[in-house]
4 protein chains.
Amino acid sequence: MVVVVRTTKRLPRAERERQMMDAAVQVFGRRGYRGASMDEVAELAGVSKPLVYLYLKSKEDLFTACIRREAQALTRAVRAGVRRDLPPDRQLWEGLRAFFRHTADHPDGWTVLHVQARTHGEPFAAEVAALRAELVSFVTQLTVVAARAAHRDPDLPEREVAGLAEALVGAAESLAAWANATEGVCAREAAATLMNFAWAGLDNLMAGRPWTPPADQD
Amino acid sequence: MVVVVRTTKRLPRAERERQMMDAAVQVFGRRGYRGASMDEVAELAGVSKPLVYLYLKSKEDLFTACIRREAQALTRAVRAGVRRDLPPDRQLWEGLRAFFRHTADHPDGWTVLHVQARTHGEPFAAEVAALRAELVSFVTQLTVVAARAAHRDPDLPEREVAGLAEALVGAAESLAAWANATEGVCAREAAATLMNFAWAGLDNLMAGRPWTPPADQD
Amino acid sequence: MVVVVRTTKRLPRAERERQMMDAAVQVFGRRGYRGASMDEVAELAGVSKPLVYLYLKSKEDLFTACIRREAQALTRAVRAGVRRDLPPDRQLWEGLRAFFRHTADHPDGWTVLHVQARTHGEPFAAEVAALRAELVSFVTQLTVVAARAAHRDPDLPEREVAGLAEALVGAAESLAAWANATEGVCAREAAATLMNFAWAGLDNLMAGRPWTPPADQD
Amino acid sequence: MVVVVRTTKRLPRAERERQMMDAAVQVFGRRGYRGASMDEVAELAGVSKPLVYLYLKSKEDLFTACIRREAQALTRAVRAGVRRDLPPDRQLWEGLRAFFRHTADHPDGWTVLHVQARTHGEPFAAEVAALRAELVSFVTQLTVVAARAAHRDPDLPEREVAGLAEALVGAAESLAAWANATEGVCAREAAATLMNFAWAGLDNLMAGRPWTPPADQD
DNA sequence: CATGAATGAGGGTTCATTCAT
DNA sequence: CATGAATGAACCCTCATTCAT
């Protein structure tokens with residue numbers, strides 16, 4: 001079969017859309033929603049502007065699509081990073097590592113989720129809220145299971161557990177942005193900092209009794 | 001409750017500037033730097049656009065002035081909320097409460113500081129860096145003092161302290177939003193949750209050894 | 001009856017650019033650089049303002065482009081009007097006629113070159129300097145050739161030649177305006193007057209020895 | 001009688017107006033009519049803006065007043081520089097010298113007259129036309145008288161004399177602007193260049209027979 | 001008088017978005 | 001499909017000009 005390769009390759013729609021969204025995430029992440037121009041997105045994606053509109057409808061829709069995609073990728077990465085047969089602290093540790101690894105590998109995507117999406121009215125905030133809910137539920141489950149497994153009833157009302165989970169996720173989010181922006185901070189270090197903070201508490205940290213991350217192979 | 005008083009009166013410059021900056025903080029906080037329009041700022045302030053320019057020079061200068069003012073107000077509030085003669089955990093507790101109180105009372109100001117100011121390069125970085133340094137220094141001091149008081153050496157490198165501060169702020173932010181959105185959770189409870197999270201650590205919490213907030217009268 | 005033809009047709013870029021520059025020369029010539037508004041240019045060109053910016057980048061670039069185009073047109077017209085095999089006085093005569101003809105046919109272009117372009121520093125200076133150099137070089141060549149042909153050394157320093165060119169242009173401009181305003185004076189007569197003024201000098205004129213314009217057919 | 005001298009001196013109106021117009025001529029000359037701002041004029045004059053409006057009504061009126069004043073000053077200077085008992089070529093020479101001296105001493109005023117006033121519609125152009133008419137009439141008279149005095153009837157129709165006068169004045173105007181803009185060209189040199197050009201003609205110049213300026217004491 | 005306070009109107013520029021080819 | 005041509009709507013900023021004190 002002979003295939004004539006034109007300089008302007010015809011790609012299947014899904015592939016083209018992926019290219020555009022890759023470009024869009026980069027541009028939105030670096031310039032912000034308002035600062036991003038559809039011209040730049042189109043150019044970076046290597047397609048013409050009308051094509052972007054044909055496939056993705058509008059700037060707002062494009063942004064929403066980016067958020068949704070990046071949020072899914074992140075939750076998937078976190079879930080995939082955890083092995084349910086380990087003890088709770090190891091599970092949390094691995095979840096955090098997966099989280100920080102992913103945000104470090106996709107800094108623009110993370111910026112879009114963490115910084116840009118929150119600055120722009122309802123439609124975008126809803127997407128991000130869903131992401132956060134997902135993560136919070138993950139942590140909550142972990143905590144409750146951990147308590148039960150240890151036959152300790154912390155006597156924490158469900159509401160307080162939810163609050164703690166919120167706090168942890170918020171801390172993780174902030175730390176991820178900070179780690180991305182700060183030279184020389186690797187994902188592992190960020191995870192360890194937060195793990196220590198969350199697990200042992202400041203008091204234990206200061207007492208020289210940090211939580212000890214397990215030795216593993218990455 | 002905000003009442004818009006259509007004062008057509010001539011006001012002294014200082015007062016008008018305050019009005020304009022109040023409006024600007026609101027608009028910048030809700031729309032972001034790029035999304036904010038000087039027209040909206042002027043209208044919200046109840047003045048004409050040229051007056052905004054006459055007094056505050058440019059959008060950039062206006063934004064810088066807002067950041068500076070809000071940063072000062074916040075650090076002042078936190079410092080004022082802390083009594084240096086108390087033990088470290090009480091100091092942290094009070095600092096957090098003051099922080100929560102202030103950011104809850106000035107949500108747009110806090111958004112400007114935390115979200116908007118970081119998204120926009122060079123010109124504003126200096127102002128935000130100063131605020132961050134101030135807060136980090138506060139936490140650092142607290143930690144070091146606490147360690148000395150307990151004759152322990154926390155041996156935390158400066159970078160780790162910055163990371164902890166970052167995590168704390170993220171957790172606080174997350175909790176504040178959660179407290180707002182969840183029925184029946186007051187700010188005080190949010191502060192206690194965070195304090196527990198930060199001070200005692202999850203492990204202690206689950207073991208039924210939470211940090212106990214002191215009884216006080218607000 | 002004048003019918004405004006609302007050509008909604010799409011034109012190739014080159015043609016649209018020409019239309020825009022035609023309009024721009026008119027507006028710049030009549031209102032000056034500062035007084036000209038891009039709105040007026042766009043309207044006169046029959047296009048929307050963004051298109052002007054898309055093609056010509058900025059007001060400054062548009063002005064520069066106008067100067068360059070008009071300068072080229074003028075120098076080309078003068079050079080085309082002169083036959084190098086004639087004696088110097090005939091050459092000057094023909095150059096002047098071509099100059100008068102062209103500036104009379106493109107009054108706004110001439111205004112842009114002579115009046116507007118000089119009022120605005122740096123960016124345009126280069127273009128205007130090039131035009132001036134071109135014209136001065138024309139006069140200089142003429143003078144030198146004439147002198148050599150007569151085995152005489154005019155010994156005029158370069159600066160003086162520039163001054164003479166300046167005086168010539170000023171006189172020409174003045175005469176053109178006068179010819180326009182005075183009933184019954186045609187362009188040819190204006191040219192003859194200037195030629196007399198320039199070539200023979202007042203003294204010779206008063207002594208009844210004017211330079212005699214050749215009989216030609218236009 | 002005790003007079004309290006305030007830091008803000010009260011000057012008679014005429015004096016204040018002079019100050020404002022001095023400032024205005026400077027600003028208009030340097031920035032052009034559109035580029036000049038009333039703020040700058042007021043500041044340079046050392047008065048408040050409303051005072052400028054109180055005394056001079058509007059920007060347009062201020063500009064007109066400047067033109068009128070500068071035009072009067074120039075014609076007065078030229079007339080004052082000429083002694084009617086000298087031979088015509090000396091009279092022309094002295095007139096030119098006075099003209100170039102004055103324009104060199106008041107470059108901003110001259111720019112206002114020569115460049116700025118012509119770029120802005122009817123009302124201003126009329127003032128400048130009056131100035132030019134005055135100068136042309138001066139030169140015309142001179143030429144006619146000179147011819148009669150020399151008992152030479154050049155047989156020039158009145159109209160041609162007018163044309164020559166126009167040419168001379170135009171040349172002078174252009175040269176004055178050029179002399180002001182060109183480093184190292186003094187008023188005397190400009191006058192000599194023009195005198196040579198006008199009196200002897202290019203042909204004589206090239207033949208090494210220039211008109212000889214008389215030795216005088218300035 | 002003299003001044004600080006205040007604004008209507010407009011100008012340069014950009015951008016998301018749509019057609020005709 | 002892909003693209004060059006084209007625009008409505010806004011946005012930042014400035015300026016001549018006027019009041020109230």
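Side-chain rings of A:His106 and A:Trp110 stay apart, their centers remaining 6.0 Å or farther from each other.
The side chain of C:Arg16 contributes an N or O atom lying less than 4.0 Å from OP1 or OP2 of F:dA6. Between A:Tyr53 and E:dT17, a side-chain N or O to OP1/OP2 separation shorter than 4.0 Å is present. Between F:dT3 and A:Ser48, a contact under 4.0 Å exists linking OP1 or OP2 to a side-chain N or O.
Within 4.0 Å of C:Ser37, counting heavy atoms only, lie sugar-phosphate atoms of the nucleic acid but no base atom. Across all strands shown, A:Ala36 has heavy atoms under 4.0 Å from sugar-phosphate atoms exclusively, and none from any base. Within the nucleic acid shown, A:Tyr55 has no heavy atom closer than 4.0 Å to any nucleic acid atom. Heavy atoms of C:Leu11 sit under 4.0 angstrom from primed sugar atoms or phosphate atoms, though from no base atom.
What separates CD of B:Glu17 from C1' of E:dA6 is a distance of 14 Å, to the nearest Å. Rounded to whole angstrom, the span from the CG atom of D:Leu56 across to the P atom of F:dT17 amounts to 12 Å. In this entry the distance linking CZ of C:Arg10 with C1' of F:dA5 reads 5 Å, nearest Å. The distance from atom CG of A:Leu62 to atom P of E:dC15 is 16 Å, rounded to the nearest whole Å. Atom pair B:Glu43:CD and E:dT7:P shows a separation of 13 Å (rounding to whole Å applied). When rounded to the nearest whole Å, the span between CD of C:Glu60 and C1' of E:dT13 equals 14 Å.
At a cut-off of 3.5 angstrom, counting only N and O atoms as typed in the model, there is no donor on one side facing an acceptor on the other between the side-chain of D:Lys59 and the base of F:dT17. At a cut-off of 3.5 angstrom, counting only N and O atoms as typed in the model, there is a donor on one side and an acceptor on the other between the side-chain of C:Lys49 and the base of E:dT13.
For the pair B:Asp39 and C:Arg13, both in contact range of DNA chain F, the more 5′-proximal nearest nucleotide belongs to C:Arg13. The residue among A:Tyr33 and C:Met38 whose nearest nucleotide of DNA chain E lies closer to the 5′ end is C:Met38. Comparing A:Arg34 and C:Leu54 against DNA chain F, the residue whose closest nucleotide sits nearer the 5' end is C:Leu54.
With contacts defined as side-chain heavy-atom distances shorter than 4.5 Å, the pair D:Arg18/D:Arg69 qualifies. Residues D:Lys49 and D:Val41 fail the side-chain proximity criterion, which asks for heavy atoms closer than 4.5 Å. Contact annotation: the side chain of B:Val112 never approaches that of B:Tyr33 to less than 4.5 Å [non-hydrogen atoms, C-beta and beyond].
Here the side chain of D:Leu51 is nearest to one of E:dT7, E:dA2, F:dT18, namely E:dA2. Side-chain atoms of B:Pro50 lie closest to E:dT7 of the nucleotides E:dT17, E:dT7, F:dT18.
In B:Glu43, the CD atom is not crowded: 12 or fewer heavy atoms of neighbouring residues, nucleotides or ligands sit closer than 6.0 Å.
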Given side-chain hydrogen bond (donor to acceptor under 3.5 Å, both in side chains), test D:Arg16 with D:Gln19 step by step and report yes or no.
CA-CA 5 Å; D:Arg16 277 268 188 254; D:Gln19 285 181 356; 3.3 Å; yes
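When both distances must be under 3.5 Å, the Watson-Crick or G-U wobble mate of E:dA2 is F:dT21.
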